[in-house]
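Throughout, a chain's letter reflects where its sequence line sits, starting with A, and its residues are numbered from 1.
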Protein chains: 2
Amino acid sequence: MDTEDAGQQARAEHGRLNRNGRVPIPAVRRLSLYLRELEALHQKDRQTIASRELGNLLGLTDAQVRKDLAYFGQFGHPGVGYRVTELIAHIRSILGTDRTWRTLLVGAGHLGTALLSYRGFASKGFQIVAAFDNDPAKIGMIVGTPPGLEILPLEKLEATITEKNVQMAILCVPAGAAQQVADRLVAAGIKGILNFAPQTLNVPEDVSLASVDLALRLEQLAFHICANLLAAERHGQQ
Amino acid sequence: MDTEDAGQQARAEHGRLNRNGRVPIPAVRRLSLYLRELEALHQKDRQTIASRELGNLLGLTDAQVRKDLAYFGQFGHPGVGYRVTELIAHIRSILGTDRTWRTLLVGAGHLGTALLSYRGFASKGFQIVAAFDNDPAKIGMIVGTPPGLEILPLEKLEATITEKNVQMAILCVPAGAAQQVADRLVAAGIKGILNFAPQTLNVPEDVSLASVDLALRLEQLAFHICANLLAAERHGQQ
DNA sequence: GCTTGTGAAACGTTTCACAGCA
DNA sequence: TGCTGTGAAACGTTTCACAAGC
């Protein structure tokens with residue numbers, strides 16, 4: 001069987017092959033950025049856009065844009081570019097955001113409660129259907145944008161996941177509790193975790209994990225500021 | 001002049017060269033992860049650690065760990081491994097977190113106020129010295145962990161940056177306002193921005209930018225969940 | 001024995017350059 | 001003419017494998 005041919009046929013819409021048999025992960029990340037730009041363009045009633053211009057908006061080359069999109073199908077129109085609404089629909093379908101995702105949140109601290117009020121989630125199809133904490137003072141509170149959500153005790157975690165058929169979880173607990181809660185989420189059938197705890201998590205291969213360590217991002221920023229300053233000095237001296 | 005020799009001498013502690021003359025960006029990102037693990041090990045009074053074990057903690061190979069660290073110097077001890085406190089000090093020095101960074105925050109919405117209370121920043125040396133919003137209802141409020149910080153009007157942005165010698169900014173304003181505020185920050189001399197607005201920002205080359213789009217992270221998670229489910233199906237069929 | 005640091009090979013990603021199509 | 005889709009080349013990153021050191 002020829003990988004180059006039969007493989008591409010088989011996977012249809014959800015990801016073509018490179019030599020390795022996979023779509024490059026950086027390409028998947030950029031897909032979200034393309035979608036974000038395309039949605040902004042759609043707001044401005046823009047009908048079509050060329051790879052060159054879409055790339056410029058994001059600081060990428062035109063070839064990069066075309067190759068990224070080509071991993072998933074032939075969405076462009078030679079001589080015209082990409083039709084905005086058409087491409088938005090394709091990318092949503094690829095990313096899986098053409099439907100609703102039932103999500104839960106664990107840890108109703110400062111960050112957790114802020115996320116319960118975050119509008120950006122719902123508008124992309126992520127619906128937070130339950131929120132948990134183990135602090136008795138918080139349990140029973142109604143949090144988030146009205147009508148709001150009641151903070152439930154952690155004991156109800158497993159039952160809620162099953163009953164409400166929850167697919168992904170947002171983890172905002174302290175680092176020390178993160179692995180333990182993650183284990184319970186996985187055991188209860190959760191297939192994806194967005195982790196905000198500054199802690200490495202171990203999850204089985206069939207569970208997806210994305211981590212956001214806010215302090216770590218500032219740390220990286222600090223490094224790059226230092227590097228930029230040094231580069232500027234070198235330029236100045238020369 | 002031989003790049004391989006003279007270049008390495010010249011840059012001393014802050015980044016050695018690969019063929020391209022730069023430290024790989026992924027290596028810099030992992031440096032923060034190594035630091036996080038090392039700090040946890042230090043808490044547990046661990047004295048030394050081998051590249052193999054440090055890698056295992058993060059799902060990386062031993063060679064990766066050694067190569068990453070070797071970009072910045074010779075920190076290991078053959079037959080022994082890396083001394084934990086020693087390596088922590090080196091990495092902090094490399095990342096620039098062996099000192100305090102004066103930071104400001106713009107946009108005191110749900111996320112912004114949550115970040116003002118986030119303990120993880122201060123413990124890494126990031127001190128938020130001022131907070132801004134343009135909503136008259138919020139201006140004057142005291143927010144964050146006691147003693148707290150007064151929300152200032154946006155007009156005072158430039159003056160505050162100069163007076164308090166602020167080096168980096170956290171941007172939590174709505175997408176529509178983000179570029180405009182970023183421009184003001186840059187003009188006022190800010191050298192690094194951590195952007196939480198779901199919006200592409202353009203900043204000059206000498207300003208560092210890190211972006212965190214929370215909805216985008218969930219979107220990526222959704223994709224990987226879909227991909228995992230498809231992979232499982234294929235496995236099951238075969 | 002065990003562990004680092006590092007050239008060289010393998011691998012993955014991006015860019016180039018152009019055939020093909022509107 | 002303008003633009004996409006795509007092999008091939010260039011580039012960057014990771015892994016391998018081993019000399020050198022404790």
Protein-nucleotides 8-10 of chain C N/O pairs under 3.5 Å:
| unit_1 | atom_1 | unit_2 | atom_2 | d |
| --- | --- | --- | --- | --- |
| dA8(C) | N6 | K67(B) | NZ | 3.3 |

List in chain and number order the residues that pass side chain to side chain contact (heavy atoms under 4.5 Å, CB included) with [X], two or more places apart in sequence or in another chain; answer none if no residue qualifies.
| X | result |
| --- | --- |
| K191(B) | I225(A), D206(B) |
| P26(B) | P24(B), R29(B), R30(B) |
| A210(A) | L194(A), R217(B), L221(B) |
| Y118(B) | P198(A), L214(A), F121(B) |

Report all interatomic pairs (protein N or O, nucleotide N or O of nucleotides 20-22 of chain C) with separations under 3.5 Å.
| unit_1 | atom_1 | unit_2 | atom_2 | d |
| --- | --- | --- | --- | --- |
| dA22(C) | O4' | P78(A) | O | 3.3 |

Quiz item: Quick one: salt bridge (Lys or Arg N to Asp or Glu O under 4.0 Å) partners of R46(B), sequence neighbours excluded?
Solution: E53(B)

Quiz item: So which pairs with a foot in residues 93-106 of chain B pass salt bridge (charged side-chain N to carboxylate O under 4.0 Å, His left out), sequence neighbours left out?
Solution: none

Mind listing the N/O atom pairs, protein and nucleotides 17-19 of chain D, below 3.5 Å?
| unit_1 | atom_1 | unit_2 | atom_2 | d |
| --- | --- | --- | --- | --- |
| dA17(D) | N6 | R66(B) | NH2 | 3.4 |

Quiz item: Among residues 37-46 of chain A, which contact DNA chain C at a heavy-atom distance under 4.0 Å?
Solution: none

Quiz prompt | the helix from dG1(C)-dC22(D) to dA22(C)-dT1(D): angle between end helix axes, five pairs per end, rounded to 10 degrees | solution = 10°

Practice problem: Using a cut-off of strictly less than 4.0 Å between a heavy atom of the residue and any atom of DNA chain D, enumerate the qualifying residues of residues 49-59 of chain A by number. | Solution: A50(A), S51(A)

